[in-house]
Amino acid sequence: MSIAAYDRFLERAAQWGFDSARLRQHLRTAFAACIAVFAAWALGLEHPQWAGMTVWAASQPLRGQLLEKSFYRTTGTIIGTAAGVALVLVANGNLLWLVTGLAVWMGICAGLGNLQRSFASYGTMLAGYSASMVALLDSGNPAHVYELGWDRLFTALTGVAAALIVGWLFTPVGAEIPGNDKVRRLCARLLRDIAAASQAAARGQSVLSPKDLAERLAVMAAIEEGLDPHAAGSQRSRRSVRALRRLINTQISALLWLRDSTGKTLTAEFTPEHAQTMNKALEHAAKLLETQPLPLAAIESIATARQAAAGWGHAEEILTNLGLALQAHFVAASDLPLPEHHRARQLPVVLHSDWVGARRAMLRAFSAIFLVGLIWVVTGWHGGAYMLLGLSVMITVFSSFENPVFTMRFVTMGQAMGAGVALACQWFAWPFATSQLQMVLMMLPFIFIGALLFSHRRTMLAGYDCNMVILLALWPHFPYQLDVGHSLSMAFAIVTGPLAGWLAYRFILPVTAQGRLDGLRAMMVHEIQDMAAAPQHAREVRVWRARLYHRLLRLIRASEKVSASSAQEAADCGLAALRVGKAVLILHTLEGDVLMSESTLRSVRSALQRLQHLPNSPTKALPLLQGVAERIQLRQPENALQLQLAAQDIAEHKKFFATTAKIA
């Protein structure tokens, strides 16, 4: 087919309901899958169809993502294959021991996978169900386990190689990280707010309303959520994503400073001339950020504003951090190294880890695999191994999804479609094959049928699982004997995998958007309790603050998925947690102040002790915080104000601080 004819086909396909861009990508992936299956057969591998499954799993739209996912695909396959071989050898034919060991392994992989991110998480999940592919398909013949293990490993390597070769030739190198422009425009807006705040402070006014603050944080949360895939494939990509996250954190810190009245305290050193110089420099920097792709000159303007801001609270520190974060952001897009002193002074980037979700995923995976495996052991159903294999994939890969119960609907539909396509090949094509080569060649058109289903707007959500099931079910074993009853039984067993997964997600520690939101709230409150219980070095304080920033963004994003109207409340609660965390740090600083009287120190220690048990009775912390604030009012008015504001936030958000820790 010529290029012109191919383009006409894509145009006509769009009229038939296909997504042209997805169709182009999936036809290319199907071509790579066919090459992988044929190559695996030519190499004499027993299950060449597994190579095609690997191609579908490893394929990505960008080279960097393709390279990194292929690496984790290979690593996860090696570890999972070794685990599967070990399980078969230890069980030595005892299915109950095999099921128990597999349940433990799947639980470990599901738990660890939920603590990781992006392709690293995928590799850990893959290690779980790769062990199932070896252990379950060989459960009746332990002596054959080494051959099956090597077959699984080499088919996966063949698929990875095919995906890399075809993908490297046809996929683009990369693209600019989404959100770069938005973050820069937000930074420009922030600089203008700082300029306006210098004028509003003299009148006792605020330039940042709670609604405006929540809207900006929501934009940052949406940008941050999509960054992980773009950190794949190269050190430059990782640096760019990390620098963008650091810039977001720095802006959050500046927004919180603008919100707090303590940041707007003016001194005699901050003259009207200084304010005019600062405002002019900030306006110039904001224009550069909005109009130029790499406005390095904006950093010089911010430096000018920083010098003029001396005498205005923490403005000098805020502008210093913004300048450093912007410079790191611009440098990250190049190969230039960042000066050592810049790295030491930058705010750290610490990401949220979902310990609550990981623990629940681990227990759910263990329970589901063990219960379904026990049914298989008791009934002896020959299709039980395929059902358990399907469940192994469902209970790991989808455990990190926002709503696995909803996702299982499309997975079940996709696997049913895939089973139907596979039956069509088994019933109407393979009976006419006279060699294994013909069987391999006959199955190739059905791989392209899967690609078409994956590209149509009505079936695209189920297309991936459709393709995986087509290849899972089509084992070209010659001579082929058609057994309609057996093939139907195997198709039914495959489809029962996602049904069992749906039951597990629905009834075993159910996964819901509200549950994830509650867990996130609990971890934020628990973080404050930990901070109150253990004073740490300055570096760890920065780590705590950075992790709270990231959890704030995740809290807002999770709230939007539960209800669009709850984002404002989530922002208020998250900001209250940040303010209380800041109060804890102030209390630790006061605890080490040698100039404090013994009675004041006792009040400080009492407040810290109460904050360690904050969820039990949040209101009991209020008089303690207010009492410390009164004692330090004369010597440290800004810290006193922060303690009073923290007490006010606890009073306004008692439900947030009181109920969330119950599920932690």
Side-chain angles (χ1 to χ4, degrees), residues 197 200-211 213-214 252-267 312-315 317-318 524-525 527-529 531-533 535 541 544-545 548-549 552 569 571-593 595-658:
R203 302 189 298 269
Q205 298 175 347
S206 175
V207 298
L208 198 63
S209 68
K211 182 180 179 181
L213 178 57
I252 294 174
S253 179
L255 288 170
L256 297 179
W257 170 76
L258 278 177
R259 181 196 64 165
D260 292 342
S261 58
T262 182
K264 307 185 186 80
T265 303
L266 302 178
T267 67
W312 179 29
H314 297 285
E317 177 186 353
I318 292 295
M524 292 187 75
V525 176
E527 185 92 34
I528 295 172
Q529 293 176 262
M531 292 169 67
V541 168
W544 273 332
R545 185 183 294 117
L548 280 172
Y549 286 168
L552 168 65
E569 181 185 356
D572 292 340
C573 291
L575 292 170
L578 286 170
R579 184 175 270 163
V580 175
K582 186 175 182 179
V584 170
L585 300 179
I586 291 173
L587 290 172
H588 279 308
T589 302
L590 295 175
E591 191 178 23
D593 191 342
L595 299 179
M596 288 291 168
S597 65
E598 186 59 33
S599 60
T600 302
L601 288 175
R602 284 197 300 269
S603 298
V604 170
R605 295 188 186 108
S606 296
L608 285 171
Q609 188 173 12
R610 171 49 56 189
L611 289 171
Q612 293 175 33
H613 307 282
L614 181 61
N616 297 338
S617 182
T619 55
K620 290 184 178 180
L622 304 184
L624 296 173
L625 289 171
Q626 292 167 349
V628 175
E630 291 174 2
R631 289 176 177 272
I632 67 171
Q633 179 66 46
L634 294 178
R635 293 184 60 243
Q636 301 185 35
E638 291 190 357
N639 285 339
L641 180 58
Q642 279 297 320
L643 296 178
Q644 291 170 352
L645 291 173
Q648 178 181 328
D649 278 341
I650 293 175
E652 292 177 354
H653 304 286
K654 292 190 293 292
K655 185 178 179 181
F656 173 80
F657 290 106

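P618 approaches I650 most closely through the heavy-atom pair O-CG2, 3.6 Å. Here the shortest heavy-atom pairing between L611 and A621 reads CD2-CB, 4.1 Å. Heavy-atom minimum distance, P623 versus K620: CD-O, 3.6 Å. Residue A214 comes nearest to A571 through the heavy atom pair CB-CB, 3.7 Å, listed as atom of the first residue, atom of the second, then distance. Taking each heavy atom of V525 and P615 in turn, the nearest pair found is CG1-CG, 3.7 Å. When all heavy atoms are compared, the tightest approach of A646 to R579 is N-CD, 3.8 Å.
Rounded to the nearest 0.5 Å, atoms CE (M531) and CG (L585) are 4.0 Å apart. To the nearest 0.5 Å, atoms CZ (F656) and CD (E569) are separated by 10.0 Å. Annotation: the span from L643 atom CG to Q633 atom CD amounts to 10.0 Å, rounded to 0.5 Å. Note that the CD1 atom of I252 and the CG atom of L578 stand 8.0 Å from one another [nearest 0.5 Å].
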Start with the C-alpha gap between R635 and D593, add the side-chain angles, then the distance that decides, and say whether side-chain contact (heavy atoms from CB on, under 4.5 Å) holds. CA-CA 12 Å; R635 293 184 60 243; D593 191 342; 3.9 Å; yes
I would like to know whether L590 and Q636 meet side-chain contact (heavy atoms from CB on, under 4.5 Å); could you show each step before the answer? CA-CA 10 Å; L590 295 175; Q636 301 185 35; 3.5 Å; yes
Give the C-alpha distance, both sets of side-chain angles, the deciding distance and a yes or no for side-chain contact (heavy atoms from CB on, under 4.5 Å) between H588 and E591. CA-CA 5 Å; H588 279 308; E591 191 178 23; 3.5 Å; yes
Checking L641 against L645 for the side-chain contact (heavy atoms from CB on, under 4.5 Å) test, could you report, in this order, the C-alpha distance in whole Å, the side-chain angles of both residues, the deciding distance, and whether it holds? CA-CA 6 Å; L641 180 58; L645 291 173; 4.1 Å; yes
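D572 has its side chain out of reach of D649: every pair of non-hydrogen atoms, C-beta onward, lies at least 4.5 Å apart. Counting only heavy atoms from C-beta outward, the side chains of F657 and I528 approach each other to under 4.5 Å. Between I586 and V628 the shortest side-chain heavy-atom distance does not fall below 4.5 Å. Under the 4.5 Å side-chain criterion, counting only non-hydrogen atoms from C-beta, L256 is not in contact with R545.
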Pair up each side-chain donor or acceptor in residues 595-610 with any protein partner under 3.5 Å, not counting sequence neighbours, and list the distances.
{"unit_1": "S597", "atom_1": "OG", "unit_2": "S599", "atom_2": "OG", "d": "3.2"}
{"unit_1": "S597", "atom_1": "OG", "unit_2": "T600", "atom_2": "N", "d": "3.3"}
{"unit_1": "S597", "atom_1": "OG", "unit_2": "T600", "atom_2": "OG1", "d": "2.9"}
{"unit_1": "S599", "atom_1": "OG", "unit_2": "R631", "atom_2": "NH1", "d": "3.1"}
{"unit_1": "S603", "atom_1": "OG", "unit_2": "S599", "atom_2": "O", "d": "3.2"}
{"unit_1": "S603", "atom_1": "OG", "unit_2": "R631", "atom_2": "NE", "d": "3.2"}
{"unit_1": "S606", "atom_1": "OG", "unit_2": "R602", "atom_2": "O", "d": "2.9"}

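When atom types are taken as modelled, the side chain of H653 and the backbone of A577 share no donor-acceptor pair closer than 3.5 angstrom.
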